[in-house]
Amino acid sequence: MAEETIFSKIIRQEIPTPLLYQDDLVTAFRDISPQANSHILIVPNKLIPTINDVTEQDELCLGRMITVAKKLAKEEGIDENGYRLIMNCNKHGGQEVFHIHMHLVGGQPLGPMLSIRF
Ligand code: 5GP
């Protein structure tokens with residue numbers, strides 16, 4: 001049984017964080033440490049620790065994350081200029097919270113996709 005993270009408490013509103021969106025599958029709220037003018041997290045309500053744990057049963061939820069990202073990007077007014085969706089996995093991916101989530105970042109030019117160089 002995977003261990004809950006702070007995100008489960010936010011989803012259940014045990015930690016009062018303003019929600020930008022919530023339905024039966026996903027919840028969205030602003031990142032506590034924004035890396036761009038607009039930085040939103042879109043999180044499955046179900047605890048899935050990493051992308052490696054995703055199954056076919058999660059496909060509806062993962063699709064919902066994209067449609068919610070699109071809706072929130074429009075509400076943020078960043079849809080036309082563009083934005084980036086990011087999901088990190090495990091150590092090399094830089095994942096810090098082990099409850100999968102999609103970062104929606106934008107509101108300014110974001111530069112190159114990766115900072116590493118070969
Ligand atoms: P990761 O590195 O796992 O892809 O991203 C985790 C993100 O969660 C980070 O951008 C971090 O700022 C954000 N975060 C961590 N704890 C909290 C919290 O308690 N509230 C909110 N709103 N964001 C959080």
Side-chain angles (χ1 to χ4, degrees):
M1 188 69 176
E3 206 172 312
E4 279 195 355
T5 73
I6 190 118
F7 287 179
S8 290
K9 292 189 170 65
I10 292 173
I11 290 162
R12 293 195 298 264
Q13 287 287 276
E14 292 165 12
I15 294 176
T17 299
L19 300 183
L20 300 179
Y21 181 88
Q22 188 166 52
D23 64 18
D24 56 323
L25 291 176
V26 305
T27 298
F29 47 89
R30 291 193 191 281
D31 196 291
I32 201 168
S33 178
Q35 303 298 306
N37 287 331
S38 203
H39 188 170
I40 293 169
L41 300 174
I42 301 156
V43 182
N45 295 340
K46 171 187 168 189
L47 170 53
I48 305 169
T50 79
I51 295 283
N52 292 336
D53 302 303
V54 162
T55 69
E56 285 179 9
Q57 280 69 49
D58 300 318
E59 286 175 356
L60 182 63
C61 176
L62 293 166
R64 184 73 58 84
M65 289 166 76
I66 300 274
T67 53
V68 169
K70 171 194 150 183
K71 169 185 155 59
L72 292 175
K74 188 168 177 58
E75 286 177 13
E76 290 282 287
I78 62 173
D79 55 328
E80 289 301 324
N81 279 332
Y83 50 89
R84 189 170 291 159
L85 302 177
I86 304 165
M87 294 184 80
N88 297 320
C89 182
N90 276 341
K91 191 164 72 176
H92 282 191
Q95 184 176 4
E96 290 175 358
V97 177
F98 287 84
H99 181 145
I100 67 166
H101 47 280
M102 180 180 286
H103 298 255
L104 163 59
V105 287
Q108 63 192 77
L110 296 172
M113 187 172 71
L114 296 174
S115 58
I116 58 160
R117 286 287 175 268
F118 293 103

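Just follow the structure's listing: the first ligand is 1, and inside any ligand the first atom is 1.
- Listed by chain and number, residues touching ligand 1 at under 4.0 Å (heavy atoms only) are Ile6, Phe7, Ile10, Phe29, Arg30, Asp31, Ile32, Ser33, Leu41, Asn88, Gly94, Gln95, Glu96, Val97, His101, His103.
- Taking the six-membered ring where tryptophan is involved, the planes of His103 and His39 are tilted, since the angle between them lies from 30° to 60°.
- Heavy atoms of other residues, nucleotides or ligands lying less than 6.0 angstrom from CD of Glu3 number 12 at most.
- For the side-chain contact (heavy atoms from CB on, under 4.5 Å) test with Glu75, the passing option among Ile78, Leu72, Asp79 is Leu72; the others fail.
- A salt bridge links Asp24 with Arg64: the closest approach of a Lys/Arg side-chain nitrogen to an acidic carboxylate oxygen falls below 4.0 angstrom.
- Val43 places a side-chain heavy atom less than 4.5 Å from the side chain of Phe29.
- Here Leu110 is tied into one hydrophobic group with Ile86, Val105, each link being a pair of ILVMFWY side chains closer than 4.5 Å.
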